[in-house]
Every structure is written in structure tokens, then in C-alpha cells.
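Within every chain, numbering begins at 1; the chains are lettered A, B, ... in the order of the sequence lines, protein sequences first and strands thereafter. Small disclaimer: the values here were computed from a predicted structure and weren't measured.
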Number of protein chains: 2
Amino acid sequence: MASLGELERAVMDLLWAGQEAATANTLRDLLAQSTQPQDGTVGHVGKDLAVTTVLTVLSRLERKGLVERERGTRPHRYQAVSSRADHTAELMHEVLGSAPDREAVLARFIGSVTDNEAETLRKLLGRS
Amino acid sequence: MASLGELERAVMDLLWAGQEAATANTLRDLLAQSTQPQDGTVGHVGKDLAVTTVLTVLSRLERKGLVERERGTRPHRYQAVSSRADHTAELMHEVLGSAPDREAVLARFIGSVTDNEAETLRKLLGRS
DNA sequence: ACTTACTTCTACGCCACGTAGAAGTTGCTC
DNA sequence: GAGCAACTTCTACGTGGCGTAGAAGTAAGT
């Protein structure tokens, strides 16, 4: 239940980027903009999509529990359920969780982490 | 390019479990056995598959770079390219890699790790 | 040469996802 | 309060991955 499609990911990226809940139309516009001349934004460059397409995707994301919508307001407003960092961390746990040899995995994982990140991890883990 | 199907995963589990390279037939038998009365093995319980099915899956796994085969021997022998731990760790890096806020992700990640694992991680990270 | 074991090719059904039109609903305006 | 405009829901189609396997091709032993 982990992976997202390309468009789904693009939408999530937008939702994660903006702090406010967004409408389908807003998202459609943002998705269209992303392609403009000098594009800085990543992802799904400049798709000019129908609003219904965005809505379909949002529904699917809602079904997957990644997005929730306020049904009260007239144009429903959508927002990510959890932050990107939370979601990614959860994904990592999911990947790790399916392993019978968690420690071995962690060993490999740590083994191929950058020095900076190792330092970060040490700090996060508190003093040994 | 990450996720595996159910059968693909079952096959990988077998390849990861056995240390020797295996033939399609062997794998087919192992997949069939797994269902027997008192099953201990996880996964895909007791599918009685055609050998061609297993071969198809193995080809796909080969294409994905997870498996390699010796073409010399007459019944080709298949083996996992990397250990399960390596593969899982790689997956974790993949998940993490797609995040612009790696540190935040790591923070969340270790925030929800068991005490034991935190301890393991401290050991793995060693002193500076 | 014939049979037998093994491999490759081709294929079908299902489901996720990108994509969107058609149909239904709600709220504003005259 | 009837009609329009905006919005949502329903339905659907094309593509591609995966489970599944038969048909066709190839090699190896008798």
C-alpha cells in the first residue's frame, strides 16, 4: 500500500509544499504552472489537466489515507494528512518492517549513509 | 522501480533464504511445499504453480536486476543479486533519497524506532 | 532420429493509475 | 423560483505491471 503514481506524487508534493489546504482548481493551476519557461519546481512538469482528473487523483489519495478534505466548504479543500517527513519516515518503517533481519538491514543502512547524516543520527539518538 | 508483486516477493524470499542458486523447478516445489499442514514459512502459501509461471517471474526479476542466472548449466540456476538485508537497506535509501528534507525524515524515523533498535543504531554508529 | 527436459514467446485477466466526459447537485442571480 | 455556473460524483477507457500458463522452440541423451 505504499507506492504512488507519478501524478499522485506530484499532487502530494504540492500539498506538502503549501501549508494551507488547497482546492482541486488551485492544484490544477499549480500543476499547469510547473512547466513554465524556467521551471524550478520538480515533478510532473506542466501537465494541463482537467479538473476532474485532479479530483479523481485526490479521491484516490483520500482513499489511501494520505489526504483529507473539508466537505463543508463549497469548493472542497484538500490537505495532506501528515507531513512529507512523517510520511517518508513511515514508509521507511514499512520497508524495514517487512524484514526478519531488522538489525542487519539497519547495519547496511547505516553503512551507506553520508558522514553528515551519520552525525545527525548520532545527535538524534542522544549520547551513546 | 521499487515494489514487487506478491509472487515476485515469495520467490525472492526463497532465493534469499537458500544460500545456493536454485532452478525454476526447485523454486516451484518450494512454493508448493510452503502450504503443507504445519506451515512455518511465510508468504504466498502453497501455490501449485506451473514451471513457466516461475520462469516468467524469474525473468521479470532478472530484468529488474534483483536476480541473475547462470545460463551455462542446462537447467539455469538463479540467485539473488544481493542479500535481502542489502536490498532492503537500499530500498530505505531510495525512499529517503526522494526527500528534500532528509534530516527531518531521519528525525521522524528514529523517533519511532524501538528502544532496542535505537541501541543497535548507537552501537553501529560508534563513537564519532 | 526420437523423446524428453528445459527455455522462450505469446497471451489473457485483473488491477492501479492517468485521464477525462457525462451526469448529478448546489448555490447565486434576476 | 427558474436558470445558469460552479462544483462534485460516476463511469469509463487506455496503458502497464503482475499472476498465470499454454504453445512453440531448442538442446541433450538414448
Engineer: If only atom types and distance count, is the side chain of B:Thr53 paired as donor or acceptor with the main-chain N or O of B:Leu49 below 3.5 Å?
Structural biologist: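 Not a single qualifying donor-acceptor pair exists.
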Engineer: Got a list of protein N/O to nucleotides 1-4 of chain D N/O distances below 3.5 Å?
Structural biologist:
none

Engineer: So does B:Thr53 get a side-chain nitrogen or oxygen closer than 4.0 Å to the phosphate oxygens (OP1/OP2) of D:dG19?
Structural biologist: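 B:Thr53 to D:dG19 OP1/OP2: no side-chain N or O under 4.0 Å.
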Engineer: For D:dA21, does either OP1 or OP2 sit under 4.0 Å from a side-chain N or O belonging to B:Arg28?
Structural biologist: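 Answer is no, no contact under 4.0 Å.
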Engineer: If every non-hydrogen atom of B:Gly97 is compared with every non-hydrogen atom of B:Arg102, which pair is closest and at what distance?
Structural biologist: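 Closest approach of B:Gly97 to B:Arg102: CA-NH1, 3.5 Å.
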Engineer: Under a 4.5 Å cut-off applied to non-hydrogen side-chain atoms, are A:Leu125 and A:Arg122 in contact?
Structural biologist: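 The answer is no, as the side chains (C-beta and beyond) never meet within the 4.5 Å cut-off.
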Engineer: Whole angstroms only, please: what is the CG-P distance between A:Asp48 and C:dG18?
Structural biologist: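 Between P of C:dG18 and CG of A:Asp48: 17 Å.
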Engineer: Where do A:Arg84 and B:Asp101 come nearest, in terms of heavy atoms and distance?
Structural biologist: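 Heavy atoms only, the tightest pair is CD-OD1, 3.9 Å.
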Engineer: Is the closest side-chain heavy-atom distance between B:Leu15 and B:Leu58 below 4.5 Å?
Structural biologist: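 Touching, per the 4.5 Å side-chain cut-off.
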Engineer: Is there a chain of hydrophobic side chains (I, L, V, M, F, W, Y, each step under 4.5 Å between heavy atoms) that links B:Leu121 to A:Val113?
Structural biologist: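 Unlinked, B:Leu121 and A:Val113 end up in two clusters.
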Engineer: Is the phosphate of C:dT7, meaning OP1 or OP2, less than 4.0 Å from a side-chain N or O of B:His76?
Structural biologist: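 So the side chain of B:His76 is within the cut-off, an N or O lying under 4.0 Å from OP1 or OP2 of C:dT7.
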Engineer: Give a yes/no on whether any side-chain N or O of B:Arg71 is located under 4.0 angstrom from OP1 or OP2 of C:dC6.
Structural biologist: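 Answer is no, no contact under 4.0 Å.
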Engineer: Kindly point out which of C:dC6, D:dT20, D:dT8 is positioned nearest to the side chain of B:Asn25?
Structural biologist: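 The answer is C:dC6.
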Engineer: Taking the side chain from A:Trp16 and the backbone from A:Ala85, do they hold a donor-acceptor pair closer than 3.5 Å?
Structural biologist: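 Not confirmed, A:Trp16 side chain does not pair with A:Ala85 backbone.
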Engineer: Sugar-phosphate means primed atoms, P, OP1 and OP2; the rest is base. With that split, encode nucleotides 23-30 of chain D 5' to 3' as B, S or - using protein heavy atoms under 4.0 Å.
Structural biologist: B--BS---
Engineer: Check the distance between C:dC6's P and B:Glu70's CD and give it to me in whole angstrom.
Structural biologist: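 One finds 15 Å between P of C:dC6 and CD of B:Glu70, rounded.
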Engineer: Between B:His76 and B:Thr23, is there a side-chain donor-acceptor contact under 3.5 Å, judged purely by atom types and distance?
Structural biologist: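 No.
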Engineer: Looking at the side chain of B:Leu49, which of D:dT9, C:dT8, D:dT20 is the nearest nucleotide?
Structural biologist: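 Output: D:dT20.
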Engineer: With a 4.5 Å cut-off on side-chain heavy atoms, are B:Glu62 and B:Arg69 touching?
Structural biologist: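 Side chain of B:Arg69 against side chain of B:Glu62, heavy atoms only: contact under 4.5 Å found.
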Engineer: Do B:Leu4 and B:Leu66 come within less than 4.5 Å of each other through their side chains, counting heavy atoms only?
Structural biologist: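 The answer is yes, as the side chains (C-beta and beyond) meet within the 4.5 Å cut-off.
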Engineer: Decide if atom CD of B:Glu117 counts as having more than 12 heavy atoms of other residues, nucleotides or ligands within a radius under 6.0 Å.
Structural biologist: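 Yes, CD of B:Glu117 has more than 12 neighbouring heavy atoms, counting only those of other groups under 6.0 Å.
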Engineer: Looking at every heavy atom in both B:Val81 and B:Gly65, which two are closest together, and how far apart are they?
Structural biologist: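 B:Val81 and B:Gly65 have their closest heavy atoms at CG2-O, 3.6 Å.
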Engineer: What is the distance from CZ of B:Arg69 to C1' of C:dC6, rounded to the nearest Å?
Structural biologist: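 Interatomic distance, CZ of B:Arg69 to C1' of C:dC6: 11 Å.
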Engineer: How close or far is atom C1' of C:dC17 from atom CG of A:Leu66, stated in whole angstroms?
Structural biologist: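 For the pair A:Leu66 CG and C:dC17 C1', the rounded distance is 14 Å.
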Engineer: Are there any protein N/O atoms within less than 3.5 Å of an N/O atom in nucleotides 12-18 of chain D, and if so, which ones and at what distance?
Structural biologist:
residue : atom : partner : partner atom : Å
D:dC18  : OP1  : B:Ser3  : O            : 3.3
D:dC18  : OP1  : B:Lys64 : NZ           : 3.1
D:dC18  : OP2  : B:Lys64 : NZ           : 2.9

Engineer: Could you state the CG-C1' distance from A:Leu55 to D:dT11, rounded to the nearest angstrom?
Structural biologist: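 Value for this atom pair: 15 Å.
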Engineer: Rounding to a whole Å, what distance do you find between B:Arg77:CZ and C:dA5:P?
Structural biologist: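 Checked: the CZ to P distance equals 18 Å.
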